[in-house]
Trainee: 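First the structure, then my questions, so here it is.
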Amino acid sequence: MHQTITRRRFLVGSAQLALVAGAGVACARGPRPELPVLAHDIPPSAWSDLARRLSGHVLRPGAASWSRIVTPNNLVFNTFPAGVARCANPNDVAQSILWAREYKVPFVARCGGHNYAGYSTTSGLMIDLGLLNRVDFNRDTKIATIGGGTLNSTLYPALQKLGVTITHGRCPTVGVGGFFLGGGIGFNMRAHGLACDQLVGTQLVTADGQVRTVDPKSDLFWACRGGAGGNFGINTSFSVQTFNVPAPLTVFSLSWTAKPRDVYAALMAALDGAPAGLGSRLQITAGQPPSVQLLGQLVGTPDQVRNILRPAYAIATPDSEQITEMSYWTAQVKFLSELGSPGFYQERSRFFKGGLSAAAIDTAFDWARRWPGTTQGSHMVLFQTGQEVNALPPAATAFVHRDSDWLMTINLSWGSDTSDELLKQNRDWLNGFYGAMIAFATPGSYQNFPDPSLTNYLDSYYGRNLQKLQSVKADVDPQCVFKYPQAIPPAGGCRA
Ligand SMILES: Cc1cc2nc3c(=O)[nH]c(=O)nc-3n(C[C@H](O)[C@H](O)[C@H](O)COP(=O)(O)OP(=O)(O)OC[C@H]3O[C@@H](n4cnc5c(N)ncnc54)[C@H](O)[C@@H]3O)c2cc1C
């Protein structure tokens, strides 16, 4: 099942028409909504039939909102669907699944479209959940019920009005669908656990077209807490236990170019000993010379932040430093947020137990210095995990990575004008860097940063929880109606 999809493979239906120019030539890889992309010979009457079944509507190429809805975040995987079902309610989702099965059209669910590996793209039917974006709130229980197609940009203002929060990321256009199902990391996780740990209920439409309120004690619910999107059905809502926004909150952003290796080592040691109310992201920007950036939040004061970072200040003064107290949601939206605009990129991840050793840090800086370069950038980012992320045993939810202190990702971005030759050099470098770092890491990779070049992806994402996930898959989707290149196969394989 493993499939490496390169930017050269823009699958245009069964013809697999490559849309890129020859080697070394600049390639047109932006959204091209006008192109005919028919994976299957779907008669117009079939589309009319789908439209009749939905309270929402069907979009076909050329529709006004087409490009906005179909373009994925990672443009490497810019495959266009033959049509989009814009679902207005769970029944629309059920009808879309049944229609796709009846007409034998491949389909995927799309929430925010931020899957790194393009697993919410298809040349068949895209089941778009963007209209399922309500946020309801129970003031007694503080449980928020969030529509399965909600984007962070809708969720954050809703939570802000209520004075509550959850563990969430930084990008406004990431969707809750993929985020919750694959774990969900963010600056609140060390104090409050992962987003999937805060999940207390979900509604799911399964392959048979049933709309199910999933029993929180069931294995299916367990699987929805880290088993990744696109495997078991389409979740039309997520109920999440919120908590009050913390105060006081201090956010910080610092950058160093002087003595970056030693600053990095000092920061890592300092952050490792920090309280659970601190969330951080520590970055090496590749280049000659590499530099170091730190971004994060502390439930505490600016003085407390400076105190934690004192060992790094003792080595070198930062080139830029912002450490400021802010109200929670202003901090998230105005200071910590990342734009996450669509682009061409690849990321490879691994978890670390404990801080990186001196040898690991030397290795990282050595590779960072040797980056071949693109017009974009490359970074080794460490997200600080630990504390409450590790409070649950690995088998408590499908998210198995419960023994880490850092999650590393090495990212590489390039432009549409990057030559094939330069891209190859960059990809080789990325693989070399990653290969050198995994010698120091634990075996797991984060399922929400799916990596098409992993060969042992099922073990890497799910470890010892894989067997149970495969049993759940055999129960709810034995025929593999939900599939993508790294999907969880049912125990015993897909049935006819
Ligand atoms: C810029 C950027 C920033 C990010 N920041 C963070 C971060 O801070 N923390 C973090 O943990 N991750 C982060 N991620 C990773 C992100 O969590 C995953 O890519 C996630 O899968 C995206 O969800 P989505 O709904 O936007 O994606 P989509 O591509 O729409 O969906 C992802 C997968 O889930 C399936 N799916 C989507 N919705 C549903 C649903 N309702 N029911 C069932 N299946 C569904 C899709 O078919 C697909 O297989 C980031 C990614 C990007 C590109």
Side-chain angles (χ1 to χ4, degrees), residues 135-146 150 152-172 174 176 179-180 183-200 238-254 267 270-282 293-310 321-338 382-392 399 402 404-407:
V135 181
D136 294 311
F137 189 65
N138 181 323
R139 286 187 186 274
D140 297 330
T141 60
K142 294 200 172 208
I143 290 173
T145 297
I146 305 165
T150 308
N152 284 340
S153 54
T154 300
L155 178 61
Y156 295 171
L159 295 181
Q160 180 170 14
K161 272 194 204 134
L162 299 160
V164 296
T165 189
I166 56 172
T167 293
H168 58 84
R170 298 167 45 230
C171 175
V174 165
V176 297
F179 179 76
F180 281 127
I185 65 161
F187 288 141
N188 289 329
M189 69 182 148
R190 296 180 75 236
H192 297 278
L194 299 163
C196 71
D197 301 344
Q198 292 149 18
L199 198 64
V200 293
F238 298 94
S239 294
V240 195
Q241 184 66 62
T242 66
F243 50 90
N244 289 342
V245 293
L249 189 83
T250 297
V251 285
F252 48 92
S253 173
L254 300 98
L267 281 173
L271 295 166
D272 262 333
L278 180 132
S280 81
R281 173 191 191 281
L282 181 57
Q293 288 77 35
L294 174 68
L295 182 76
Q297 66 179 39
L298 175 76
V299 182
T301 62
D303 281 348
Q304 286 171 308
V305 171
R306 285 194 191 92
N307 204 30
I308 291 168
L309 303 183
R310 199 185 302 277
E321 177 201 273
Q322 286 175 282
I323 301 178
T324 176
E325 194 172 322
M326 279 189 187
S327 64
Y328 182 86
W329 281 111
T330 305
Q332 305 307 318
V333 174
K334 302 252 188 259
F335 192 95
L336 296 173
S337 122
E338 79 171 315
L382 288 175
F383 299 97
Q384 195 168 4
T385 57
Q387 299 279 352
E388 281 303 303
V389 175
N390 297 340
L392 291 177
F399 186 91
R402 300 290 186 175
S404 75
D405 294 291
W406 298 91
L407 165 61

Trainee: What are the two closest non-hydrogen atoms of Pro302 and Glu325, and how far apart are they?
Mentor: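 Here Pro302 and Glu325 meet closest at CD-OE1, 3.8 Å.
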
Trainee: With heavy-atom distances below 4.5 Å as the criterion, would you say the side chains of Gln384 and Trp406 are in contact?
Mentor: yes

Trainee: Does the side chain of Leu267 come within less than 4.5 Å of Leu282's, by heavy atoms?
Mentor: yes

Trainee: Using a 3.5 Å distance criterion without hydrogens, assess whether the side chain of Arg190 forms a donor-acceptor pair with backbone atoms of Gly279.
Mentor: no

Trainee: Output all residues satisfying ring-ring contact (aromatic ring centres under 6.0 Å, His included) with Tyr156, sequence neighbours left out; order by chain, then residue number.
Mentor: His168, Trp329

Trainee: Are Val200 and Ile143 side-chain neighbours, meaning at least one heavy-atom pair lies under 4.5 Å?
Mentor: yes

Trainee: Name the one of Ile146, Thr145, Val164, Leu159 that satisfies side-chain contact (heavy atoms from CB on, under 4.5 Å) with Phe137?
Mentor: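 Option passing the side-chain contact (heavy atoms from CB on, under 4.5 Å) with Phe137: Val164.
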
Trainee: Answer yes or no: is there a side-chain heavy-atom contact under 4.5 Å between Leu294 and Arg281?
Mentor: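 Sidechains of Arg281 and Leu294: no contact.
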
Trainee: Looking only at heavy atoms, which two atoms of Ala195 and Phe179 are closest? And how far apart?
Mentor: CB-CE2, 3.4 Å

Trainee: Do Phe399 and Leu392 come close enough that some side-chain heavy atom pair is under 4.5 Å?
Mentor: no

Trainee: Supply the atom-to-atom distance Glu388 CD to Met189 CE, rounded to the nearest 0.5 angstrom.
Mentor: 12.5 Å

Trainee: Counting C-beta onward and ignoring hydrogens, is there a side-chain heavy-atom pair between Ile323 and Arg306 closer than 4.5 Å?
Mentor: yes

Trainee: Is the backbone of Ile185 close enough, under 3.5 Å, to the side chain of Thr167 for a donor and an acceptor to pair up by distance?
Mentor: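 Flag not set: sc Thr167 to bb Ile185 has no pair under 3.5 Å.
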
Trainee: Would the distance check show the side chain of Gln241 and the main-chain N or O of Thr141 forming a donor-acceptor pair, the cut-off being under 3.5 Å?
Mentor: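 Present.
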
Trainee: Can you list everything that forms a ring-ring contact (aromatic ring centres under 6.0 Å, His included) with Phe180? Sequence neighbours excluded, please.
Mentor: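 So Phe180 forms a ring-ring contact (aromatic ring centres under 6.0 Å, His included) with Phe238.
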
Trainee: Is Asn188 reaching over with its side chain to a backbone N or O of Ile166, donor-acceptor style, under 3.5 angstrom?
Mentor: yes

Trainee: With side-chain contact (heavy atoms from CB on, under 4.5 Å) as the test, would you mind laying out the steps for Phe252 and Leu278 before giving the verdict?
Mentor: CA-CA 11 Å; Phe252 48 92; Leu278 180 132; 4.0 Å; yes

Trainee: Can you check whether Leu155 reaches Thr150 side chain to side chain, under 4.5 Å on heavy atoms?
Mentor: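 Side chain of Leu155 against side chain of Thr150, heavy atoms only: contact under 4.5 Å found.
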
Trainee: To the closest 0.5 Å, what do you measure between OG1 (Thr242) and CG (Leu162)?
Mentor: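 Rounded to the nearest 0.5 Å, the OG1-CG separation comes out at 7.5 Å.
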
Trainee: Could you check Lys142 against Asn244 for side-chain contact (heavy atoms from CB on, under 4.5 Å), going step by step and ending with a plain yes or no?
Mentor: CA-CA 9 Å; Lys142 294 200 172 208; Asn244 289 342; 2.5 Å; yes

Trainee: Please round to the nearest 0.5 Å and tell me the distance separating atom CG of Asn390 and atom CG of Leu194.
Mentor: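 Between Asn390 CG and Leu194 CG, I get 9.0 Å after rounding to 0.5 Å.
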
Trainee: Once rounded to the nearest 0.5 Å, what's the spacing between atom CD of Gln387 and atom NE2 of His192?
Mentor: 11.5 Å

Trainee: Is the shortest heavy-atom distance from the side chain of Gln297 to the side chain of Gln332 under 4.5 Å?
Mentor: yes

Trainee: What's the separation between atom OH in Tyr328 and atom CG in Leu336, rounded to the nearest 0.5 Å?
Mentor: 8.5 Å

Trainee: For Gly300 versus Thr250, what's the shortest heavy-atom pair and its separation?
Mentor: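 Heavy-atom minimum between the residues: O-OG1, 2.7 Å.
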
Trainee: How long is the gap from CG on Leu254 to CG on Leu295, to the nearest 0.5 Å?
Mentor: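 Atom-to-atom, Leu254:CG and Leu295:CG are 9.0 Å apart.
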
Trainee: Check for a donor-acceptor pair, side chain of Thr385 on one end and backbone N or O of Ser404 on the other, with a separation under 3.5 Å.
Mentor: yes

Trainee: If I compare all heavy atoms of Ala331 with all of Val251, which pair ends up nearest, and what's the gap?
Mentor: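 Closest heavy-atom pair between Ala331 and Val251: CB-CG1, 3.6 Å.
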
Trainee: Considering all heavy atoms of both residues, which atom of Leu271 and which atom of Ser280 are nearest to each other, and what is their separation?
Mentor: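 Heavy-atom minimum between the residues: CD1-OG, 3.8 Å.
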
